[in-house]
Amino acid sequence: TQIFDSLSDDPEVGCVILTGAGKVFSAGADIKERSGMSASRGDYIRHNRLTRESFYAIRDCAKPVICAVNGPAIGAGFALMANCDILLASDNAYVQMPEIDVGLAGGAKFLELFPRSKARLMFFTGRRVPAAELYRCGVIEACLPPDELLPAARAIAAEIAAKSPVALMRVKHAFNVVEEMPLRDGYRFEQGVSA
C-alpha cells in the first residue's frame, strides 16, 4: 500500500509495472499463516483489511499500472493482477482460485474479468486457466514468451508515460469511478472530468 501510494505522488513516475520475482507472479495467501490467527484478538479482521487495502492501493494508484504476469497468479495473487489496469502474461503463466480446496471464500468479485460461467467454473472447481486461454478470452492483452514479457510491458509503459500526466490521472480516476455506474451517469461523469 505504501509503495503504490508513493508512486501515485511521484512526479517522475508516468506508469508502473508490477511483476513477480522468480518464476511465480504470486502464490497468494499463506494458508499456514492463518493457523496462528485468533478471531477473539481481531487477527482475521486486521489481516483481511490489510489484504483488501493492498489490492485497492493498486487500483487507486493515480498512475496506470501494467501487470506483467511472469508465472502463476494464484488466489490473492490473481486479485493483485486483476486490480491492475493492463494485463500481459508469459505463456507459462496461469491463474487459479483454489480457495474452494481449503474451505475459504473470497476473490469471486475479481473474477468479473471472465464471463459468468467461466468465472463460476473456476471458483467452484479451483481449476487453472493458462495464459493462452486468458488471451483467447480477452482477459490479457498478450501472451508472450517469458523473455519478451518485460520488454513488451516496458514498451507500453513508455508509450503511456509519454502522455499528459494530468490527463492520465483524470482518465484512470474516471475509469475507476464509472465502473460502478449506469451508462448514462458514467458518461456524464466522464464529461465532467474532461471539462
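Quick caveat: nothing in here was measured; it's all calculated off a predicted structure. Worth knowing before you read on, the calculation uses all heavy atoms, side chains too, and leaves out hydrogens, waters and symmetry mates.
The NZ atom of K172 lies 3.5 Å from the CG atom of D85; values are rounded to the nearest 0.5 Å. Atom SG of C143 and atom CG of L87 lie 12.5 Å apart (nearest 0.5 Å). In this structure, CZ on F55 lies 13.5 Å from CG on D60, to the nearest 0.5 angstrom. Put simply, CG on L168 and SG on C15 are 8.0 Å apart, with the number rounded to the nearest 0.5 Å. Atom CG of L134 and atom NZ of K118 lie 9.0 Å apart (nearest 0.5 Å).
Applying the side chain to side chain contact (heavy atoms under 4.5 Å, CB included) test to V13 and every residue at least two apart in sequence or in another chain returns L7, D10, V16, K63.
Taking hydrophobic clusters as Ile, Leu, Val, Met, Phe, Trp and Tyr residues chained together by side-chain heavy-atom distances below 4.5 Å, I86 does not share a cluster with V69. Residues L80 and L149 are members of separate hydrophobic clusters, defined by side-chain heavy-atom contacts under 4.5 angstrom among Ile, Leu, Val, Met, Phe, Trp and Tyr. There is no path of hydrophobic side-chain contacts, each under 4.5 Å, that joins F123 to L121.
Residues V129 and Y94 are not in side-chain contact: their nearest non-hydrogen atoms beyond the backbone lie 4.5 Å or more apart. L144 is not listed as a side-chain neighbour of S90, based on a closest heavy-atom distance of 4.5 Å or more. Under the 4.5 Å side-chain criterion, counting only non-hydrogen atoms from C-beta, Y56 is not in contact with T1. Counting heavy atoms from C-beta outward, V171 and F175 have side chains that approach closer than 4.5 Å. The shortest side-chain heavy-atom distance between P98 and I74 falls under the 4.5 Å cut-off. The closest side-chain heavy-atom distance from I66 to L88 is below 4.5 Å. Using a 4.5 Å heavy-atom cutoff, the side chains of N70 and P146 are not in contact. I17 is not listed as a side-chain neighbour of I156, based on a closest heavy-atom distance of 4.5 Å or more.
Results of the side chain to side chain contact (heavy atoms under 4.5 Å, CB included) test with V95 over R127, R128, M122 single out M122 as the only residue that passes.
Membership of an apolar cluster is not assigned to L50, as no side-chain contact below 4.5 Å to another ILVMFWY residue is traced.
Pairing each heavy atom of G14 with each of P64, the nearest pair is O-CD, 3.7 Å.
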